[in-house]
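Predicted model, so just to flag it, every value in this text is computed and none were measured.
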Amino acid sequence: MNPNKIFGITFTTLALALGAQQPTLLFTPAADEVTRSGSNGTVLRNISKQSIGFVVPNPNQPYSAEKYAPALAFQTLAGDEDGDGDVHSADIFGAIDAVLVTPYDWNPEQGAQPRTRPVTIFDCYVSPSVDVGTNVSGVPGLRKGDCGRFVRTPAGNGQVTRFISAEQLISVLGMFDPQNNQPLTANDIDLDAITVSVGRDIFVSFDQDHSLRLLINGALANFTLADGGVACIGASAWVPNARGEVANVLPNRGVIVFSEAQVDALVANAMLTDGGGMCQVVVLDTESLAIDPNGGVFNTQWGNVQLTWPHLLLSGQMMTGTGVITTLAGGQIAQVNGAALARGCGVGPTTGGQMGLDPSGSVSALAALESLGCEPCWFVLGSPTPTGLGGAIDVHVGTNLPVAMALLGFGLGALPVSPSISFLPWSPNTPCFPELYPTILPNPMLAIALAAGLGNARFGTFPVAATPAIAQGILFQAVTQVNGNLHLSTPITLH
């Protein structure tokens, strides 16, 4: 089937592809921030604490972060999670506390394989700071102690699958209440940071101090994991399901990789400044973890056993200006693609520009961080008028696809969640967003010219003078074409 026939359109095939593929960082700031480029004045310049941004650092030219997974897209994927009669949830997640993308493709027979599939929003597992409602997903949903994502399953759209659940974390780390000696419950933990290595070692940190009961030298012993410390669930301590997520864990088999004092030593050795130019010597609270794309390993001791881990990127509460360090050489300012992710002591403040954010203001710390092996496709929609139905609205589009135009489709949303279908049968090579919302198909599409921004970014806007007020909202999704392949944007639903 010709995919162009689905939309009744024809594009000129483009011979260009995405630019050079370099390690990339996904992140969420601890407070709402603005991209360095301003994203051509579109609303996409605002990276909120409910969304995910991305940046490809480059020491040789100015670079900007851009919005990779907008909160409005998550709202459409989750549907009317809070049961209030519309999809719009301005406070969805509360904030994103952690982002995880597995660095492998999972094969049920061969295990973890080098990732060849493109990373999309559906690959982004997140941990919220506030439990997400269960009106669509059902219980238990996505809680602050989980790391999960919204997907379409046989049960329909808006379902939650967890990479790891709060209960699994409690079991494998032996988390207990020292007052009554009983295991914690899911409500007792708040996952603050998580990442997983290609070897399936899962690294975590939590928002509070916790008591752990872990196996060491053949016996159980009690430990304290402070909120600045880092624990690990080694590959041998958990069993994957058919998606490569955690199906089962071995109780009490986690280990402590770094105490908070050891993380403080990493910070002191790195000699980075915060947003005010002060040299940092403590982490206070480890807020984000990622695998260092530069590679390499380090060793720690667990009882009589020496353990080997991949080097980590780490950011904490005191690292305002979005500073990042690495565990390399006992603690250094992190570098990605040769670009430093903080300023050194005595050089000046860490401004946020190192993460591609506008350095003109007081930039927050990072709340979440993840590293990718290459730049993902981003093709997203946003709107400054998410609740503007019944009047004028605007739809903004941004992408790193090498195109000069996109077509904007629209149709009625649905409650409690809009249905989608896989678009891969029609366009198997699409790297952007793999789901089509069929509600856009019966309606004429609206052309949006895209203007070049900083780097390989392109942006456009489409104003709508007047719209009807519709309870279920209007869903928008854009489409464009590169090298004969159609690409879909993330959806938004305006109310």
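Between Val130 and Ile92, every side-chain heavy-atom pair lies at or beyond the 4.5 Å cut-off. Contact check for Asp264 versus Leu266: no side-chain heavy atoms found under the 4.5 Å cut-off. Put simply, the side chain of Ile189 reaches to within 4.5 Å of the side chain of His210, judged on heavy atoms. Within the 4.5 Å cutoff, side-chain heavy atoms of Ile202 are placed close to those of Ile194. Looking only at side-chain heavy atoms (C-beta outward), Phe298 and His311 come within less than 4.5 Å of each other. Using a 4.5 Å heavy-atom cutoff, the side chains of Cys374 and Thr24 are not in contact. Taking 4.5 Å as the limit, some side-chain heavy atom of Val34 sits within range of a side-chain heavy atom of Asn46. With contacts defined as side-chain heavy-atom distances shorter than 4.5 Å, the pair Cys377/Asn400 qualifies.
Side-chain atoms of Thr161 and Arg243 form no donor-acceptor pair, as typed in the model, at a separation below 3.5 Å. In the model, Asp274 has a side-chain atom that pairs as donor or acceptor with a side-chain atom of Gln280 under 3.5 Å. Between the side chains of Asn337 and Asn58, no donor N or O sits under 3.5 Å from an acceptor N or O. For the 3.5 Å distance criterion, the side chains of Ser137 and Thr134 fail to qualify, holding no donor opposite an acceptor. Residues Ser360 and Asp358 bring a donor and an acceptor atom of their side chains to less than 3.5 Å of each other.
With Asn241 contributing its side chain and Glu245 its backbone, the two residues share a donor-acceptor pair below 3.5 Å. For the pair Asp91 (side chain) and Gly94 (backbone), a donor-acceptor distance under 3.5 Å is absent. Side chain of Asp146 to main chain of Gly148: no donor-acceptor pair is present (N/O by atom type, distance under 3.5 Å, no hydrogens or angles). Counting only distance, with no hydrogens or angles, the side chain of Ser197 and the backbone of Asp201 share a donor-acceptor pair below 3.5 Å. Ser165 contributes a side-chain N or O that, together with a main-chain N or O of Gln168, makes up a donor-acceptor pair within less than 3.5 Å. For Thr273 (side chain) and Cys345 (main-chain N/O), no donor-acceptor pair under 3.5 Å exists by modelled atom type. Side chain of Ser364 to main chain of Ala31: a donor-acceptor pair is present (N/O by atom type, distance under 3.5 Å, no hydrogens or angles). Glu81 places a side-chain N or O within 3.5 Å of a backbone atom of Gly133 that can act as its donor or acceptor partner. No side-chain donor-acceptor contact under 3.5 Å links Ser371 to the backbone of Pro293. Remark: the backbone N or O of Leu357 is not paired with any side-chain donor or acceptor of Thr35 at under 3.5 angstrom.
In this structure, OH in Tyr68 is found 8.5 Å from CZ in Phe54, a value given to the nearest 0.5 Å. Considering CZ of Arg343 and OG1 of Thr351, their distance stands at 5.0 Å, rounded to 0.5 Å. Between the CG atom of Asp285 and the CD atom of Gln317 there is a distance of 5.5 Å, given to the nearest 0.5 Å. For the atom pair Thr327 OG1 and Asn269 CG, the distance stands at 11.5 Å (nearest 0.5 Å). Atom-to-atom distance recorded for Asn107:CG and Gln110:CD is 4.5 Å, nearest 0.5 angstrom.
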Yes or no on side-chain hydrogen bond (donor to acceptor under 3.5 Å, both in side chains) for Arg213 and Asn252, after CA distance, side-chain angles and deciding distance?
-> CA-CA 6 Å; Arg213 185 166 291 130; Asn252 311 100; over 6 Å; no

Evaluate side chain to side chain contact (heavy atoms under 4.5 Å, CB included) for Ser489 paired with Leu381, printing each intermediate quantity in order.
-> CA-CA 7 Å; Ser489 76; Leu381 300 182; 3.5 Å; yes

Ring pair (Phe, Tyr, Trp, His ring centres under 6.0 Å) evaluation trace for Phe258 with Trp302 | CA-CA 11 Å; Phe258 292 118; Trp302 186 247; over 10 Å; no

Go through the steps to decide whether Leu372 and Leu26 satisfy the test side chain to side chain contact (heavy atoms under 4.5 Å, CB included), and finish with yes or no.
-> CA-CA 8 Å; Leu372 305 180; Leu26 300 182; 3.8 Å; yes

Thr28 and Val99: side chain to side chain contact (heavy atoms under 4.5 Å, CB included), yes or no, with the steps?
-> CA-CA 8 Å; Thr28 297; Val99 174; 4.1 Å; yes

Test Ser48 against Ser51 for side-chain hydrogen bond (donor to acceptor under 3.5 Å, both in side chains), laying out the working first.
-> CA-CA 5 Å; Ser48 74; Ser51 62; 3.3 Å; yes

Test side-chain hydrogen bond (donor to acceptor under 3.5 Å, both in side chains) on Arg45 and Ser37 and set out the steps.
-> CA-CA 8 Å; Arg45 67 186 180 275; Ser37 70; over 6 Å; no

Walk me through it: do Val160 and Arg149 pass the test side chain to side chain contact (heavy atoms under 4.5 Å, CB included)?
-> CA-CA 6 Å; Val160 170; Arg149 55 184 176 150; over 6 Å; no

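Of all heavy-atom pairs between Asp105 and Pro114, the closest is OD2-O, 3.7 Å. Leu272 and Ala342 make their closest contact through CD1-CB, 3.8 Å (heavy atoms, listed as atom of the first residue, atom of the second, distance). Minimum interatomic distance between Asp209 and Ala226 (heavy atoms only, all atoms of both residues): OD1-CA, 3.2 Å. Of all heavy-atom pairs spanning Pro376 and Val119, the tightest one is CB-O, 4.0 Å. Pairing each heavy atom of Gly145 with each of Leu169, the nearest pair is O-CD1, 3.4 Å. The shortest non-hydrogen separation linking Cys147 to Leu191 is CB-CD2, 4.0 Å.
Shown are Thr326, Val283, Leu366; of these, the side chain to side chain contact (heavy atoms under 4.5 Å, CB included) with Leu314 is made only by Val283. Each of Asp227, Leu289, Asp207 was checked for a side chain to side chain contact (heavy atoms under 4.5 Å, CB included) with Asp192, and the lone residue meeting it is Asp207. Under the ring pair (Phe, Tyr, Trp, His ring centres under 6.0 Å) rule, Phe74 has a single partner from Phe93, Phe122, Phe150, which is Phe93. Each of Asn157, Ile121, Thr493 was checked for a side chain to side chain contact (heavy atoms under 4.5 Å, CB included) with Leu77, and the lone residue meeting it is Ile121.
Dense packing is recorded around NZ of Lys144, with more than 12 heavy atoms of other residues, nucleotides or ligands lying under 6.0 Å away.
Under the 4.0 Å criterion applied to side-chain N and carboxylate O atoms, Glu66 and Arg458 are not assigned as salt-bridge partners. Between Arg152 and Glu435, at least one side-chain nitrogen of the basic residue sits less than 4.0 Å from a carboxylate oxygen of the acidic one, meeting the salt-bridge criterion. Salt-bridge annotation for Arg117 and Asp123: present, with a side-chain N of the basic residue lying under 4.0 Å from a carboxylate O of the acidic one.
A cation-pi arrangement is absent between Arg200 and Tyr104 under the rule of less than 6.0 angstrom and at most 45 degrees off the ring axis.
Using the six-membered ring where Trp is involved, Phe203 and Trp309 have ring planes that are perpendicular, over 60° apart on the 30 and 60° scheme.
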